[in-house]
*Asks:* 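Here it is, the structure in full.
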Amino acid sequence: MTDLLAARAQMAMSLAFHILFAIVGMAMPLLMVIAERLHQRTGEPIYRELAERWSKGTAIMFAVGAVSGTVLSFELGLLWPQFMAFAGPIVGMPFSLEGFAFFLEAIFLGIFLYGRDRVSPRVHLLSGVMVLLAGTASAAFVLCANAWMNTPTGFTGSPAGGVTGVDPFAAMWNPAAFSEVLHMTCAAFASVGFAVAGIHATMLLRGVRRELHRPALKIALVVGAAFALLQPITGDVAAKHVAEHQPIKLAAMEGHWDTERGAPFRIFGWPDEQAEETRWSLEIPYLLSFLAHGDPQAEVVGLKEFPRDERPPVAVVHVAFQIMVGCGLAMIAVAGLGAAFAVRRRELPDWYLRLLVVSAPLGVIAIEAGWTVTEVGRQPWIIQGILRTADAVTPTPHLVIPFLAFTGLYVLLGVTVIVLLRRVVFAADRKQPVPSDMLSGTSTKEVPMNPASRDMSPKTPTEAA
C-alpha cells in the first residue's frame, strides 16, 4: 500500500465512521423534541420515557462523535498539511462556527438531560429545540467547508504562491453550499428516522412493551417517511448543480462517455475505463439530459472530453451512485406503503414491520454511498481544479501504521457504542414497566419486586424494610 493510498484510506474510514454520529446529532434531537412535546401536551408518561431514552442515546452518540470528530480534525493536519496550509485561512470561518455550534449543542443537551424538574417545561422543551438547531447548524458549517472543496471561491492566490486575499463569506456560501447542505440534511433525517423505526419494529415483532414501541415507531416512521419523500427534490437540486459546476463528476456518476444531446439515464451497468464504454446498462432515453438541465434535448458532456489523468475512478463513482439512488427509491416505496396504511387508519401488519427492519440500514448505506460519490467523484483533486490530492499528502513515510492504528481505535469506539446503547438505552426493555395506574405522570421508575414470590405488585413500607 502506497503512502497516498494509506492516507486516503484512513480519511475515508474516518469520514465513514464519523458520519454515523453526525447524522444522529442532526436528526435524533427532532425525535426527542417531538416526544417531549407530546408528553407536555398529553401528560402521557410513555412519551416522557421515549424522550428520556432517545436523549440518552443521543448523548452517547454525541460523546463518541466528539471523539471521532476530534481525531478527524487532527488527521486533516497530519495527513494533508499542504491542503491545510492553503485552505486553512479560507475555510477557517465555517470550521470556527462549527465549533461554536458544537459547544451550544453540548450545553443544551446537558440542560435537556439533567434539567428536567429543575427548569420550567417550556425551557426544557426549548433546550431540546436548541440541541436540534445547533446540531444541524454544526453539520451545515462543515458541509459548507466541504462544498468549497468542490466549488472553491472567495479567495485569490494559488497553492504555489499562497493565499493573498480571502472573502470568508463568499468562500463559505460557495455555489455548492446550498445544494450540499440541503441534500445531506434531508438524508440525515430520513436515514435516522428509518433506522429508529426499524429498531422499534424489531421490538414490536418480539412483543416487547408494545405500549412504548408502538408510539415510538409512529414518530420515527413519520419523520423518516416525510424526509424520504422530500429527498428526490433535494437530489434534483444537487444533480443540476453538479451538471453545471462539475460535469466530469456527473459523467462519472452516469458512466457517460460521449458528449451528446438527449443523453440517456443509465441504470446498472459497469463502466469499462479502458474501452471507454458502460456495459450491460439499461438506458432510459433523454432522461439524463432532462434531469441535469431540465431539457430532454440538452447536451451532456461526456468523460471523453477530459484527459484521462483528470477523470475520477469511474466504476467506483458509478456503482456508488447506483447504490445511493437504489436505496433512496426503496425508502420512498416503504414510506409510501406506510402513508397508505396511515390514510386508511390500519394497524401496521407484521409483514410491514419486517419490511421496516430490513429497510432500517438503507438510509445509512445511501449516505455512505453518496459521500463516496462526492469525494471520489472529485478525484484526482482535493480542491477541484486547484490542488491535486497527490500534491497535498504529507511526505511522512509509513502511513500504513497510523491507518492500522486508527482502524483499531474506530473498532474500539464502535464496540463501546454498542455496549453503552445496550446497557443504557435498550436495557429498559428487560425491566418490568410501571403499571399505568401507578404512574403519576412525572415518574418512570421501575416497580420494586419481591424476589421470593415474583409478585409484581408494589411493596409496602414494611415489606421494603
Side-chain angles (χ1 to χ4, degrees), residues 6-29 57-80 83-84 87 91 94-106 109 131-132 134-150 180-181 183-192 195-196 320 324 361 363-376 378 382 389 399 402-421:
R8 291 182 61 188
Q10 183 174 334
M11 285 300 299
M13 176 189 61
S14 300
L15 286 168
F17 183 81
H18 179 68
I19 197 67
L20 301 176
F21 302 93
I23 62 176
V24 171
M26 295 170 69
M28 201 66 201
T58 301
I60 292 172
M61 299 294 279
F62 176 85
V64 179
V67 176
S68 63
T70 302
V71 171
L72 193 58
S73 65
F74 279 113
E75 287 177 340
L76 284 173
L78 293 174
L79 297 177
W80 313 102
F83 167 77
M84 292 303 296
V91 296
F95 278 125
S96 298
L97 292 174
E98 186 274 337
F100 179 73
F102 173 83
F103 285 122
L104 281 181
E105 184 182 7
L109 182 58
V131 175
L132 169 63
T136 303
S138 176
F141 289 128
V142 174
L143 289 168
C144 286
N146 179 266
W148 177 84
M149 297 165 66
N150 293 311
E180 192 166 321
V181 170
H183 192 53
M184 182 58 198
T185 301
C186 192
F189 283 94
S191 61
V192 170
V196 174
M324 180 187 70
V364 174
I365 295 172
I367 285 177
E368 298 286 9
W371 273 104
T372 300
V373 172
T374 299
E375 298 302 297
V376 179
R378 192 179 58 246
I382 192 170
T389 306
L399 294 181
F403 168 61
L404 295 175
F406 280 104
T407 300
L409 171 64
Y410 290 130
V411 170
L412 177 62
L413 287 175
V415 172
T416 301
V417 169
I418 294 173
V419 171
L420 287 174
L421 289 177

*Asks:* Thr185: which residues meet the side-chain hydrogen bond (donor to acceptor under 3.5 Å, both in side chains) condition with it, sequence neighbours left out?
*Replies:*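 With sequence neighbours excluded, Thr185 shows a side-chain hydrogen bond (donor to acceptor under 3.5 Å, both in side chains) to no residue whatsoever.
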
*Asks:* Which heavy atom in Gly370 sits nearest to a heavy atom in Met324, and how many Å separate them?
*Replies:*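 Looking at all heavy atoms of both residues, the closest pair is CA-SD, 3.5 Å.
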
*Asks:* Testing the basics here: between Glu180 and Asn150, what is the closest heavy-atom pair and its distance to 0.1 Å?
*Replies:*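 Between these two residues, the closest heavy atoms are OE1-ND2, 3.4 Å.
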
*Asks:* Return all side-chain donor-acceptor pairs below 3.5 angstrom for residues 8-22, not counting sequence neighbours, or 'none' if the list is empty.
*Replies:*
| from | atom 1 | to | atom 2 | distance (Å) |
| --- | --- | --- | --- | --- |
| Gln10 | OE1 | Phe403 | N | 3.3 |
| Gln10 | NE2 | Glu75 | OE2 | 2.8 |
| Ser14 | OG | Gln10 | O | 2.8 |
| Ser14 | OG | Glu75 | OE1 | 2.6 |
| Ser14 | OG | Glu75 | OE2 | 2.9 |
| Ser14 | OG | Tyr410 | OH | 2.9 |
| His18 | ND1 | Gly65 | O | 3.4 |
| His18 | ND1 | Ser68 | OG | 2.8 |
| His18 | ND1 | Gly69 | N | 3.4 |

*Asks:* Kindly write out the residues that satisfy side-chain contact (heavy atoms from CB on, under 4.5 Å) with Ser96, not counting sequence neighbours, or none if the list is empty.
*Replies:*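 Result, side-chain contact (heavy atoms from CB on, under 4.5 Å) vs Ser96: none returned.
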
*Asks:* Taking all non-hydrogen atoms of both residues, which atom of Ile367 and which atom of Ser191 are closest, and how far apart?
*Replies:*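 In terms of heavy atoms, the two residues are closest at CD1-OG, 3.3 Å.
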
*Asks:* Starting at CD1 of Ile418, measure out to CG of Leu413 and round the result to the nearest 0.5 Å.
*Replies:*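 Here the interatomic distance stands at 11.5 Å.
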
*Asks:* So Leu132 and Met26, do their side chains get closer than 4.5 Å, heavy atoms only?
*Replies:*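 Counting from C-beta outward, Met26 and Leu132 never come under 4.5 Å.
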
*Asks:* With Ala7, which residues qualify under side-chain contact (heavy atoms from CB on, under 4.5 Å), at least two apart?
*Replies:*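 Ala7: side-chain contact (heavy atoms from CB on, under 4.5 Å) contacts with Leu79, Trp80, Val393, Leu399.
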
*Asks:* Looking at every heavy atom in both Glu98 and Ser138, which two are closest together, and how far apart are they?
*Replies:*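 Nearest pair, atom of Glu98 first, then Ser138: OE2-OG, 3.0 Å.
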
*Asks:* Of all heavy-atom pairs between Ile382 and Thr389, which one has the smallest distance, and what is that distance?
*Replies:*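 Nearest heavy atoms, Ile382 then Thr389: N-OG1, 3.3 Å.
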
*Asks:* Please state whether the rings of Phe83 and Trp148 are parallel, tilted or perpendicular, taking 30° and 60° as the class boundaries.
*Replies:*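 Rings of Phe83 and Trp148: tilted, 30 to 60°.
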
*Asks:* Drop me the distance from Asn146's CG to Arg378's CZ, to the nearest 0.5 angstrom.
*Replies:*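 The CG atom of Asn146 sits 6.0 Å away from the CZ atom of Arg378.
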
*Asks:* Check side-chain contact (heavy atoms from CB on, under 4.5 Å) between Ala140 and all other residues, then give those that pass, not counting sequence neighbours.
*Replies:*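 If we apply the side-chain contact (heavy atoms from CB on, under 4.5 Å) test to Ala140, skipping adjacent residues, the hits are Val181.
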
*Asks:* Please give me the minimum heavy-atom distance between Ala66 and Thr70, naming the atom from each residue.
*Replies:*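 It is O-OG1, 2.7 Å.
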
*Asks:* Apply salt bridge (Lys or Arg N to Asp or Glu O under 4.0 Å) to Glu368 and list each qualifying residue two or more places apart in sequence or on a separate chain.
*Replies:*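 For Glu368 there are no salt bridge (Lys or Arg N to Asp or Glu O under 4.0 Å) partners, ignoring immediate neighbours.
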
